[in-house]
Number of protein chains: 2
Amino acid sequence: MATRTRRPERRQEPLSRERIVAAAVELLDSVGESGLTFRALAERLATGPGAIYWHVTGKSELLAAATDAVIGGALAADDLRATPRDAVRALALGVFDALDVHPWVGAHLVSTASHSPTLPLFERIGRQVRALGVPESAQFTAASTLMNYILGVAGQNAANTRRVEPGTDRAAHLDRVAGTWAELDPEEYAFTRSVTEQLRGHDDRAEFAAGIDLILTGIAGRP
Amino acid sequence: MATRTRRPERRQEPLSRERIVAAAVELLDSVGESGLTFRALAERLATGPGAIYWHVTGKSELLAAATDAVIGGALAADDLRATPRDAVRALALGVFDALDVHPWVGAHLVSTASHSPTLPLFERIGRQVRALGVPESAQFTAASTLMNYILGVAGQNAANTRRVEPGTDRAAHLDRVAGTWAELDPEEYAFTRSVTEQLRGHDDRAEFAAGIDLILTGIAGRP
DNA sequence: ACCTGAACACCGTTCAAGT
DNA sequence: ACCTGAACACCGTTCAAGT
């Protein structure tokens, strides 16, 4: 027996900032940055483009909120038993992995405020820097350097995934880049050519972690 | 006595890729990223928007070419008598200073290829890494780490100058940021608050250089 | 209070037509 | 070969009008 009061299939729960941001993240993940359109978003939410503006001031706020949501999720609770060095590594790799799933975040992490969502990341890094025993006067520089390195990699990875058509896998892409490097002018690009083999078949994630370790060594070994 | 054949004031030398890119850089410098429009560019070149497409395939190529032009200019010849450490510093600061004049470059340096114009920078850094005596197996990581740090700072600076309205000077801006930091939740943002004083009145450029030194120390002190 | 969707003021890009 | 500029297919954003 069908219920008398059936709510129409199409009527969704009311619009909310939360639902809008979630839909924006989905759209960004599936169609990429150019796919985030107020019209596409409105269609997905079964409403008109104007409705979105009641909950969100504009596109840049929407992007910031989407970035916030992803990064907030990536900054899991610290493992209190880890060494500071391991905690920094875990923090950095958490961001790295989140960007792997949501490549569009990289570009907007970089272009976003000295405010959210980079601030929580800065705080988390800073705490570990302090735990490392870095003297107070050097803490700001140490935390900033780690932060800027992480954001730099984030941006580069975002650029890479944007350039590569979604189908190709990492290995194929690296091979292609290595191929172009091998064809560079031997004199003008002597160094780049010499590290071509290190590029081919290297692991982005491991490479990223190695950079973190390098900086940590620099922080520990400050003269 | 006026010459008989006077060329009309308005007729410029013919369009060329070079002139177009130069005009684009000017437009980006003076009006910012949102000011670079095919219509505005066409007006500046006294032609129609379609004409530009004969010399350039589209907007992204135009931006890449503009970025190329700026970075190419920033990578001056190495001082052969400098130590590798000083050469890396000079290289990095050259990029930093170029971005100070052309803030829009930061965003596009990050989002641009593993190809030009980051490749010449990578090559230049790599040569100095080699000169530092880094063993071959570690050269790629060392150069990448420096590179990613530089690009990270580039992106952040671009984001900062974009956020600040053109009038405000650095000191005022830092003061404003420091003000917001001082109001953060004391528990949630304990570290950030503790370095507020180091932020206020710090020197972006010196801070950037300090980060380079930190990484160089890490490279030298690799275990 | 919240939603609708047409309308506005732009974009990048194309292309027939000119020289 | 190179340029012109109207036209196309989009954008983000606004806003009168609805519920």
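Computed from a predicted structure; not experimentally measured. So you know, we letter chains A, B, ... as the sequences are listed, proteins then strands, and number each from 1. The analysis underlying the following values was restricted to heavy atoms, covering all of them including side chains, and did not include hydrogens, waters or symmetry mates.
Per the geometry, CD1 belonging to B:I20 stands 11 Å off C1' belonging to D:dC3, to the nearest Å. Atom CG in B:L15 sits roughly 5 Å away from atom P in D:dC3 (whole-Å rounding). Protein atom CG of A:L45 is 16 Å distant from nucleotide atom P of C:dC2, rounded to whole Å. In this structure, B:R19 places its CZ atom 14 Å from P of D:dC2, rounding to the nearest Å.
For the side-chain contact (heavy atoms from CB on, under 4.5 Å) test, residues two or more places apart in sequence or in another chain that qualify with B:S16 are B:E18, B:R19. For B:T145, the side-chain contact (heavy atoms from CB on, under 4.5 Å) partners two or more places apart in sequence, or in a different chain, are A:Y149, A:L214, A:I215, B:T141, B:I215. Evaluation of the side-chain contact (heavy atoms from CB on, under 4.5 Å) rule for B:A92 yields B:I150, B:F208, B:I212 as partners, not counting sequence neighbours.
Judged purely by atom type and a 3.5 angstrom limit, B:R193 uses its side chain to pair as donor or acceptor with the backbone of B:L184. When atom types are taken as modelled, the side chain of B:E33 and the backbone of B:W104 share no donor-acceptor pair closer than 3.5 angstrom. B:E123 places a side-chain N or O within 3.5 Å of a backbone atom of A:T192 that can act as its donor or acceptor partner.
A centroid separation of less than 6.0 Å is found between the aromatic rings of A:F122 and B:W181.
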ask   = In the 5'-to-3' direction, what one-character label does each nucleotide of nucleotides 7-19 of chain D receive under the scheme B = base within less than 4.0 Å of a protein heavy atom, S = sugar-phosphate only, - = no such atom?
value = B---BBBBB----
ask   = Dot-bracket for DNA chain C, 5' to 3', counting Watson-Crick or G-U wobble pairs under 3.5 Å, with [ ] for crossing pairs and | for inter-strand pairs?
value = ||.|||||...|||||.||
Going by atom type alone, with no hydrogens or angles, which donor-acceptor pairs under 3.5 Å involve a side-chain atom of residues 48-60 of chain B and a protein atom two or more places apart or on another chain?
residue, atom, partner, partner atom, Å
B:T57, OG1, B:E61, OE1, 2.6
B:K59, NZ, B:L36, O, 2.8

